[in-house]
Amino acid sequence: MMDNNDQNVDFLKDLAKRVKGLREARNLTQEDAYNDTGIHFGRIETGKWDPKASTIKRISTYFNLSITEFFAEGFDE
């Protein structure tokens, strides 16, 4: 059985992949995304920083996705 820390690490890795995938699909650099949002995408994409829910909401809005759509792909259940 996984403990909470393992689950958090896995979630942050999934979040990192999702954010990076969305950014790259739009041919944006981390700098482009930062300039547009003020969010440090590099920290998220390392999978080591746990952003606040409001930051995830801002990212989903930036990519024109609802929160449900944002989490619909790339996350283990």
Side-chain angles (χ1 to χ4, degrees):
M1 178 177 219
M2 293 176 63
D3 66 18
N4 284 342
N5 190 49
D6 289 340
Q7 290 174 349
N8 289 343
V9 168
D10 288 345
F11 174 78
L12 292 177
K13 286 179 183 177
D14 290 345
L15 180 66
K17 287 180 201 172
R18 179 67 166 145
V19 170
K20 184 175 183 177
L22 288 167
R23 180 182 58 74
E24 288 180 342
R26 288 158 179 79
N27 295 315
L28 296 167
T29 65
Q30 289 178 350
E31 185 175 1
D32 292 334
Y34 175 79
N35 289 337
D36 291 343
T37 64
I39 298 168
H40 196 298
F41 278 64
R43 292 194 318 190
I44 295 169
E45 291 178 17
T46 64
K48 295 183 172 120
W49 181 55
D50 191 354
K52 299 185 298 186
S54 59
T55 301
I56 294 171
K57 172 66 175 146
R58 286 175 48 213
I59 291 169
S60 67
T61 299
Y62 178 61
F63 291 118
N64 296 313
L65 299 170
S66 69
I67 289 290
T68 302
E69 292 168 328
F70 180 85
F71 286 111
E73 293 180 29
F75 292 86
D76 292 331
E77 300 202 13

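- A search for side chain to side chain donor-acceptor pair (under 3.5 Å) contacts involving T29 returns D32, not counting sequence neighbours.
- A salt bridge (charged side-chain N to carboxylate O under 4.0 Å, His left out) with R18 is found for one member of E24, E69, E73 and no other, namely E73.
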Please evaluate residues N8 and D50 with respect to the criterion side-chain contact (heavy atoms from CB on, under 4.5 Å), reporting the C-alpha separation (whole Å), side-chain torsions for both, the decisive distance (0.1 Å), and the verdict. CA-CA 9 Å; N8 289 343; D50 191 354; 5.7 Å; no
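- Of all heavy-atom pairs spanning W49 and H40, the tightest one is CZ3-O, 4.5 Å.
- Under the side chain to side chain donor-acceptor pair (under 3.5 Å) criterion, E45 pairs with R23, Q30, not counting sequence neighbours.
- Inter-residue side-chain proximity for L15 and P51 is flagged as met; some heavy-atom pair is nearer than 4.5 Å.
- Sorted by first and then second residue, the side-chain hydrogen bond (donor to acceptor under 3.5 Å, both in side chains) pairs with a member in residues 53-65 read D36-Y62; sequence neighbours excluded.
- A heavy-atom distance below 4.5 Å is found between the side chains of F70 and V19.
- Under the 4.5 Å side-chain heavy-atom criterion for ILVMFWY residues, a single connected hydrophobic cluster contains both L65 and F41.
- Here the side chains of F63 and L28 are in contact, with some heavy-atom distance below 4.5 Å.
- Scanning all heavy atoms of the two residues, the minimum distance from A16 to I44 falls at CB-O, 3.3 Å.
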